[in-house]
Number of protein chains: 2
Amino acid sequence: MAVSDQEVRERMDAFMQMCRRSGLRATHQRREVFREVARTEEHPDVETIYRRVRKRVPTVSLDTVYRTLSLLEEKGLLCRLEPFSGRARFDANTDSHHHFICTRCGRVRDFASEQLDDLSVPRELRSWGDVRSVHVQVRGICAKCRG
Amino acid sequence: MAVSDQEVRERMDAFMQMCRRSGLRATHQRREVFREVARTEEHPDVETIYRRVRKRVPTVSLDTVYRTLSLLEEKGLLCRLEPFSGRARFDANTDSHHHFICTRCGRVRDFASEQLDDLSVPRELRSWGDVRSVHVQVRGICAKCRG
DNA sequence: TTTCTTGCAAATTCTTTGCAGATTA
DNA sequence: TAATCTGCAAAGAATTTGCAAGAAA
């Protein structure tokens, strides 16, 4: 679950570089927010990150954590697990199918594929738990947005 | 984008059957909420469903739409596009990777797979837009939850 | 200094809940 | 009738924003 020291160092370097390139300030708060996400593979939520950062930066505020995470996402240093989930969206198609998602407008289009349905996933997964289903998410820019 | 009349009819039948089996009432409101999701492939959000249902059931309230959608999801008649997105979660791994998600506890575990990275998606997708990346989401019950 | 950043507090947005009256089987 | 549903209004959770004070180049 923990990321190697080596890897964390590389990620921190990438962060410092990004700041220099973008003319942003690598403040104490920003460094510690990024470090908390960079050092783990457990994909913490905002509240968790906030709680952990506060141990080292007791005065940090929750909205700074939010602002920093948005910034880091925008700069490509991290991404959110479900990027298009501002509001709940529903699907009455209960057959197995997959999704093409336009990363610009958020539109989602279904597609079916027998080939993708019986995709074989790495053997190691079996020791992690019972696999119930496999969903493929294809991301890109839709024809409408491409213009 | 529109679902065939035949398919819509079948979905409505499944809904009526579910109500009977579960001892739930197939009220006007519930029927129209389900119909709105069942008749389209565009995956509408709650507000959109509400707006459309109101055309036929002007007195329906937003919270009834919410309650009905939860109920329908629970009964397996529909599902939400991003089921695990109560709060935002972050990932500092910018290399291509995939996710195993436990549908019980929500824990997410990364895995890499060259084979999955160059998955070939159906040809038809190319006409929908530029494909940028492919993410595989494996859902199941993790070893810890299985007990 | 001068621009960028932070913390506070309040606002927004999305979703859920308690309750009394209306509705359905 | 008897249990279930609905609409209303208010509460709750997650996230965003305006602003004045504070920190970094």
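Model, not experiment: these values are computed from the prediction.
- One finds the SG atom of B:Cys102 at 9.0 Å from the CZ atom of A:Arg132 (value rounded to the nearest 0.5 Å).
- Heavy atoms from other residues, nucleotides or ligands lying under 6.0 Å from CG of A:Asp5 number 12 at most.
- A:Arg11 forms no cation-pi arrangement with A:Phe15, by the criterion of a distance under 6.0 Å to the ring centre and an angle within 45° of the ring axis.
- Less than 6.0 angstrom separates the ring centroid of B:His99 from the ring centroid of A:His43.
- Judged by the 6.0 Å and 45° rule, B:Arg54 forms a cation-pi pair with B:Tyr50.
- No donor-acceptor pair closer than 3.5 Å links the side chain of B:Arg35 to the backbone N or O of B:Met12.
- As rounded to whole Å, 11 Å separates atom P of C:dC8 from atom CZ of A:Arg54.
- Counting 5' to 3', DNA chain D first comes under 4.0 angstrom of a heavy atom of chain B and last does so at the ends given by D:dA3 to D:dT15.
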When every nucleotide of nucleotides 15-25 of chain C is labelled 5' to 3' by its protein contacts under 4.0 Å (heavy atoms), B for base, S for sugar-phosphate only, - for none, what sequence of letters results?
-> BBBB----BBS
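- Under the ring pair (Phe, Tyr, Trp, His ring centres under 6.0 Å) criterion, B:His28 pairs with no residue at all, not counting sequence neighbours.
- Other residues, nucleotides and ligands contribute more than 12 heavy atoms inside 6.0 Å of the CZ atom of A:Arg139.
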